[in-house]
Asker: 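Right, I'll just put the structure down here and ask away after.
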Amino acid sequence: MNISRCCRAWFTTLLLLTCSPSLLAATPDDQLIVGMNMNNLLTLDPAAMTGNEVVGIVVNLYDGLVELDPHQLTDVRPALAERWEISADNRQLTFHLRDGVHFHSGNPLTSEDVIWSMRRVLHLNLAQASVWKSYGFSKDNVDQMITAPDARTVVIQLPKPNDPQLVIYSLAALGSMVVLDSKTVQSHSVNNDWGNRWLTTHEAGSGPFRLDVWQAKDVLRISRDAHYWRGSPKLTRVVFRHLQESQTLRLMMEKGDIDIASNMAIPDVQALRHDPDLTIDAVQKGTLYYLAMSMKDEHFANPQVREAVRYLVDYQGINKTLMAGYGTLHQRPIQSGMPETLPDPGYRLDVPRAKALLAAAGYPNGFDTTLRVLADQPFLNIAIAIQSTLMQAGIRAKIITGTGNQIYGAMRERQFNLLVGRGGSGVEPHPHSSLRSLVYNPNNADSARLTNFQGWRTGFYDAQLNQMIDQALLERNKQKQQQDYFAIQRRYDLLIPALMPISQMTDSVVVNNRVQDYVPHPSATTFLRDVWKTPDSLAGGAQ
């Protein structure tokens with residue numbers, strides 16, 4: 001007998017036996033096993049976190065004053081604050097805390113913990129401070145602006161005129177202003193770091209789950225807090241497993257080794273679409289895929305070069321061939337679906353026009369540059385497509401791949417030329433959220449360190465545009481406000497921005513049908529406290 005043929009037959013038989021429904025693995029009834037890529041999970045400190053992955057974990061370890069309803073994002077629900085008021089002049093927010101809440105340490109949660117946590121964000125001045133600095137808060141004024149008249153009351157004075165509803169949306173959506181156990185964190189402070197080093201791998205929350213262990217790029221495990229103030233979660237434990245390869249995620253979902261898979265390549269998602277035991281949840285997010293240019297680079301500081309690049313992206317081709325399941329064509333800074341969003345301008349690949357613009361800018365033969373991108377999909381495919389069309393006009397872009405910390409780290413340091421990325425947040429259901437993340441840049445100095453603002457990262461600055469964004473936020477007439485946002489988008493377009501939206505993100509999550517009451521959230525703040533699983537025996541799985 002042919003030995004290789006015999007081996008193949010044996011392997012096929014083994015594979016069929018392994019995949020037989022009666023032998024499929026089954027996750028425990030009381031545990032949720034989540035497969036995800038943890039490459040961008042760098043810290044658990046709410047003040048320092050970046051990326052959607054960590055937000056989905058932090059909101060299950062901590063509580064905030066309020067939270068967004070995942071079914072209707074314009075609805076804000078009570079959380080640690082059972083009620084709140086907005087002053088008549090829109091400059092003061094007063095929150096009334098509920099009684100009987102304790103941290104995982106057993107310490108009671110009071111208003112002092114709330115204001116200490118909020119002050120900490122500004123004093124540390126890490127990634128999550130940017131949003132609050134845009135509202136006028138700083139480490140110099142936050143101690144006066146956020147106060148606690150008594151143990152159950154928190155008063156927030158807005159340093160400058162603002163839309164208080166947007167501030168409430170930010171408190172509800174971002175996860176940055178969750179409440180920390182101030183006594184526990186301060187006991188682990190080293191060299192006045194506000195406990196930042198310790199909180200990188202620990203937690204001090206009052207949320208439905210406690211952190212058991214986090215081994216970077218391996219596993220993160222949380223267990224329910226049986227004394228949680230809303231009632232004990234239904235799941236005993238949630239395990240997040242680092243699975244970088246999409247095909248591995250697909251195989252483990254098919255075998256029942258994991259209950260939920262995120263960050264999966266769309267071809268693998270599509271392959272699971274007809275599996276009767278699985279559901280594909282596709283959630284449109286406000287986040288945008290984009291091509292960014294650094295205006296600190298002499299090439300891209302020239303508006304004619306930026307305009308040339310605008311016509312060297314095959315938007316329609318990229319979205320048709322590469323973005324199915326990842327996103328949909330979108331070329332405006334305000335996310336689609338909002339009444340304030342203008343229709344797309346309809347930019348298309350136009351190489352002759354781009355060549356003429358480059359020649360007028362003094363680069364008839366193009367130039368050499370670099371294009372940074374994550375090594376993951378669809379980012380890499382987008383970058384390869386853009387590299388190809390840039391080359392048609394003589395722009396020779398060398399692709400540099402890396403992890404999120406390497407690629408976005410270079411962007412946060414303003415040390416890049418071109419970059420394919422994804423951002424813009426847009427988590428709050430308000431047009432200002434998108435503009436703040438992608439466009440707004442109140443201080444273009446390197447020392448400003450507005451690292452969560454894409455406008456600052458790219459060095460794009462226009463005083464008039466900043467002023468228009470500030471004024472639109474305060475406009476109380478809704479029709480006038482809509483027209484203001486239209487005008488902002490027109491001016492942004494006219495200025496030839498350093499960041500060009502390509503596609504609005506769709507997040508596809510694969511969920512085993514045993515998982516109940518799991519609601520994927522557009523802002524990544526998926527709450528797990530009410531999730532449960534049907535017993536494996538009822539699902540027809542292994543015994």
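Heads up: numbering here begins at 1 and tracks the sequence.
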Asker: If we ignore angles and hydrogens, is there a donor and acceptor under 3.5 Å between the side chains of Tyr228 and Asp63?
Answerer: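 Tyr228 vs Asp63: donor-acceptor pair found between side chains.
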Asker: Got a sec, which residues hit side chain to side chain donor-acceptor pair (under 3.5 Å) with Arg449, two or more places apart in sequence or on another chain?
Answerer: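 Partners of Arg449 under the side chain to side chain donor-acceptor pair (under 3.5 Å) test: Glu413.
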Asker: Using a strict 4.0 Å threshold on nitrogen-to-oxygen distance, state whether Lys533 and Asp259 make a salt bridge.
Answerer: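 So Lys533 pairs with Asp259 through a salt bridge.
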Asker: By side-chain contact (heavy atoms from CB on, under 4.5 Å), which residues pair with Leu249, not counting sequence neighbours?
Answerer: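 Here the qualifying residues are Leu243, Ile258, Ala261, Met264.
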Asker: Using atom types as modelled and distance alone, determine if a side-chain donor or acceptor of Asp69 lies under 3.5 Å from a backbone N or O of Asp75.
Answerer: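 No, Asp69 side chain to Asp75 backbone: no donor-acceptor pair under 3.5 Å.
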Asker: With sequence neighbours excluded, tell me which residues meet side-chain contact (heavy atoms from CB on, under 4.5 Å) with Asn466.
Answerer: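 Asn466 satisfies side-chain contact (heavy atoms from CB on, under 4.5 Å) with Tyr440, Tyr461 once adjacent residues are dropped.
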Asker: Minimum heavy-atom separation for Ala81 and Phe95, please, with both atom names.
Answerer: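 Closest approach of Ala81 to Phe95: CB-CD2, 3.9 Å.
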Asker: Answer yes or no: is there a donor N or O on one side and an acceptor on the other, between the side chain of His330 and the main chain of Ile334, under 3.5 Å?
Answerer: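 Here the side-chain-to-backbone pair exists.
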Asker: So, the side chain of Gln31 versus the backbone of Val238: is there a donor-acceptor pair under 3.5 Å, distance only?
Answerer: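 Checking the backbone N and O of Val238 against the side chain of Gln31, no donor-acceptor pair under 3.5 Å is found.
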Asker: Verify the neighbour count for atom NZ of Lys160: are there more than 12 heavy atoms of other residues, nucleotides or ligands below 6.0 Å?
Answerer: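 Yes - once you tally the heavy atoms of other residues, nucleotides and ligands closer than 6.0 Å, there are more than 12.
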Asker: May I ask you to check whether over 12 heavy atoms, not counting those of Arg250, lie within 6.0 Å of atom CZ?
Answerer: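 Enclosed.
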Asker: Scan residues 467-482 for pairs that pass salt bridge (charged side-chain N to carboxylate O under 4.0 Å, His left out), counting only residues two or more places apart or in two chains.
Answerer: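 Sorted pair list: Lys480-Asp484.
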Asker: I'd like to know if the side chain of Asn162 and the backbone of Leu158 have a donor-acceptor N/O pair within less than 3.5 Å.
Answerer: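 It does not hold such a pair.
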Asker: Heavy-atom count check: over 12 atoms from other residues, nucleotides or ligands less than 6.0 Å from Gln516 CD?
Answerer: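 Count over threshold, so yes.
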Asker: Cut-off 3.5 Å, side chains only: do Asn417 and Ser294 have a donor facing an acceptor?
Answerer: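 Looking only at side-chain atoms, Ser294 and Asn417 do not form any donor-acceptor pair under 3.5 Å.
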Asker: Using side chain to side chain donor-acceptor pair (under 3.5 Å) as the criterion, list what pairs up with Gln467, not counting sequence neighbours.
Answerer: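 Testing Gln467 for side chain to side chain donor-acceptor pair (under 3.5 Å), a comparison that skips the adjacent residues, returns none.
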Asker: Can you list the residues that meet the ring pair (Phe, Tyr, Trp, His ring centres under 6.0 Å) rule with Tyr311, with sequence neighbours excluded?
Answerer: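 With sequence neighbours excluded, Tyr311 shows a ring pair (Phe, Tyr, Trp, His ring centres under 6.0 Å) to Tyr347, given in chain and number order.
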Asker: Measure the spacing between CD1 of Ile382 and CD of Gln387 and express it to the nearest 0.5 Å.
Answerer: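 With rounding to 0.5 Å, CD1 (Ile382) is 14.0 Å from CD (Gln387).
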Asker: At what distance, to the nearest 0.5 angstrom, does CH2 of Trp532 lie from CG of Asp517?
Answerer: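 These two atoms lie 7.0 Å from each other.
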Asker: Counting only heavy atoms from other residues, nucleotides and ligands, does the tally under 6.0 Å from CZ of Arg273 exceed 12?
Answerer: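 Atom CZ in Arg273 is packed in, count exceeds 12.
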Asker: When you measure from the side chain of Gln406 to the backbone of Thr403, do you find a donor-acceptor pair of N or O atoms at a distance under 3.5 Å?
Answerer: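 Present.
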Asker: Could you go through the side chain to side chain contact (heavy atoms under 4.5 Å, CB included) check for Gln284 and Gln504 one step at a time?
Answerer: CA-CA 8 Å; Gln284 188 177 59; Gln504 184 164 332; 3.6 Å; yes
Asker: Quick test of your reading of the model: are Asp45 and Arg120 salt-bridged, counting only N-O distances below 4.0 Å?
Answerer: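 Answer for the salt bridge query: yes.
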Asker: Could you pull out all residues at least two apart from Ser170 that satisfy side-chain contact (heavy atoms from CB on, under 4.5 Å)?
Answerer: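 Val131, Trp132, Tyr135, Leu174, Glu428, Arg436.
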Asker: Verify whether one side chain among Trp456 and Asn444 offers a donor that lies under 3.5 Å from an acceptor in the other.
Answerer: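 Not at all, the side chains of Trp456 and Asn444 share no donor-acceptor pair under 3.5 Å.
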Asker: In plain terms, say whether Asp462 and Arg491 are close enough for a salt bridge, that is, a side-chain N and a carboxylate O under 4.0 Å apart.
Answerer: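 Yes, Asp462 and Arg491 are salt-bridged.
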Asker: Please report the interatomic distance OG(Ser508) to CD1(Ile280), rounded to the nearest 0.5 Å.
Answerer: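 If I round to the nearest 0.5 Å, the distance is 7.5 Å.
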Asker: Could you pull out all residues at least two apart from Lys296 that satisfy salt bridge (Lys or Arg N to Asp or Glu O under 4.0 Å)?
Answerer: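 In terms of salt bridge (Lys or Arg N to Asp or Glu O under 4.0 Å), with neighbours along the sequence ignored, Lys296 is linked to Asp446.
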Asker: Of all heavy-atom pairs between Pro501 and Pro333, which one has the smallest distance, and what is that distance?
Answerer: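 Heavy-atom minimum between the residues: CG-N, 4.2 Å.
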Asker: Give a yes or no answer on whether the side chain of Arg221 reaches the backbone of Asp212 with a donor-acceptor pair at less than 3.5 Å.
Answerer: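 Absent.
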Asker: Just verifying a value: how many Å separate Arg332 CZ and Glu340 CD, rounded to the nearest 0.5 Å?
Answerer: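 If we round to the nearest 0.5 Å, Arg332:CZ and Glu340:CD are 14.0 Å apart.
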Asker: Are any of the side-chain heavy atoms of Ile469 and Leu473 separated by less than 4.5 Å?
Answerer: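 Ile469 vs Leu473: side chains apart.
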Asker: Under the 3.5 angstrom rule, does the side chain of Arg306 hit a backbone N or O of Ile496 as a donor-acceptor pair?
Answerer: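 Yes; judged by distance alone, with no hydrogens or angles, the pair exists.
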Asker: Residues two or more places apart in sequence or in another chain: which of them pass side-chain contact (heavy atoms from CB on, under 4.5 Å) with Gln244?
Answerer: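 In terms of side-chain contact (heavy atoms from CB on, under 4.5 Å), with neighbours along the sequence ignored, Gln244 is linked to Asn37, Asn39, His242.
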Asker: At their closest point, which heavy atom of Leu211 faces which heavy atom of Leu61, and how far apart are they?
Answerer: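 Answer, listing the atom of Leu211 first, then Leu61: N-CD2, 3.7 Å.
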Asker: Thinking salt bridges, do Arg529 and Asp225 make one under a 4.0 Å N-O criterion?
Answerer: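 Between Asp225 and Arg529 there is no salt bridge, as every charged N stays at least 4.0 Å from the carboxylate O atoms.
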Asker: Kindly write out the residues that satisfy side chain to side chain donor-acceptor pair (under 3.5 Å) with Asn319, not counting sequence neighbours, or none if the list is empty.
Answerer: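 Side chain to side chain donor-acceptor pair (under 3.5 Å) check on Asn319 returns Ser503.
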Asker: Indicate, with yes or no, if the rings of Tyr492 and Phe460 have centres closer together than 6.0 Å.
Answerer: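 Between Phe460 and Tyr492, which both carry aromatic rings, the centre distance is below 6.0 Å.
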Asker: Can we call the ring centroids of Tyr289 and Tyr326 under 6.0 Å apart?
Answerer: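 For Tyr289 and Tyr326, the ring centres are not under 6.0 Å apart.
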Asker: Could you list the residues that satisfy salt bridge (Lys or Arg N to Asp or Glu O under 4.0 Å) with Arg412, not counting sequence neighbours?
Answerer: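 Arg412: no salt bridge (Lys or Arg N to Asp or Glu O under 4.0 Å) contacts found.
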Asker: Would a 4.5 Å heavy-atom cut-off, applied to side chains only, mark Leu220 and Met38 as touching?
Answerer: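 Yes; the side chains approach each other to less than 4.5 Å.
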Asker: Applying side chain to side chain donor-acceptor pair (under 3.5 Å), can you list everything that pairs with Arg490, at least two apart in sequence or on another chain?
Answerer: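 Applying side chain to side chain donor-acceptor pair (under 3.5 Å) to Arg490 gives none.
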Asker: Would you check if Tyr290 and Val420 make a side-chain contact, meaning some heavy-atom pair closer than 4.5 Å?
Answerer: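 Of all side-chain heavy-atom pairs linking Val420 with Tyr290, none is under 4.5 Å.
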Asker: In the structure I gave you, are the side-chain heavy atoms of Asn40 and Tyr408 within less than 4.5 Å of one another anywhere?
Answerer: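 Sidechains of Tyr408 and Asn40: no contact.
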Asker: Counting C-beta onward and ignoring hydrogens, is there a side-chain heavy-atom pair between Asn90 and Pro164 closer than 4.5 Å?
Answerer: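 The answer is yes, as the side chains (C-beta and beyond) meet within the 4.5 Å cut-off.
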Asker: Hey, are the side chains of Met295 and Thr458 touching, using non-hydrogen atoms and a 4.5 Å cut-off?
Answerer: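 No, side chains not in contact.
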Asker: State, yes or no, whether a side-chain contact exists between Leu312 and Ile386 at a heavy-atom distance under 4.5 Å.
Answerer: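 The answer is no; the side chains never approach within 4.5 Å.
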Asker: Taking the side chain as every heavy atom from C-beta outward, state whether Val269 and Val510 have any atom pair closer than 4.5 Å.
Answerer: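 The answer is yes; the side chains approach within 4.5 Å.
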Asker: If you measure from CG on Asp257 to CD1 on Ile33, what distance do you get to the nearest 0.5 Å?
Answerer: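 One finds 9.5 Å between CG of Asp257 and CD1 of Ile33.
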Asker: Under 3.5 Å, side chain of Gln479 to main-chain N/O of Gln483, donor-acceptor pair present?
Answerer: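 No: the side chain of Gln479 does not pair with the backbone of Gln483.
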Asker: Does one side chain, of Asp163 or His432, offer a donor that lies under 3.5 Å from an acceptor on the other?
Answerer: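 The criterion, which ignores hydrogens and geometry beyond distance, is not satisfied for His432 and Asp163.
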Asker: If you measure from CG on Leu41 to CG on Asn405, what distance do you get to the nearest 0.5 Å?
Answerer: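 Rounded to the nearest 0.5 Å, the CG-CG separation comes to 11.5 Å.
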Asker: For the pair Glu67 and Arg230, find out whether any cationic side-chain nitrogen is under 4.0 Å from an anionic carboxylate oxygen.
Answerer: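 A salt bridge is present here (some side-chain N lies under 4.0 Å from a carboxylate O).
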Asker: Counting distance only, does the side-chain N/O of Arg514 pair as donor-acceptor with the main-chain N or O of Thr27 below 3.5 Å?
Answerer: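 Answer holds: yes.
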Asker: Run Leu435 and Ile488 through side chain to side chain contact (heavy atoms under 4.5 Å, CB included) and show every step you take.
Answerer: CA-CA 9 Å; Leu435 293 175; Ile488 288 168; 4.0 Å; yes
Asker: Would you say Thr389's side chain and Ala385's backbone share a donor-acceptor pair under 3.5 angstrom?
Answerer: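 Answer holds: yes.
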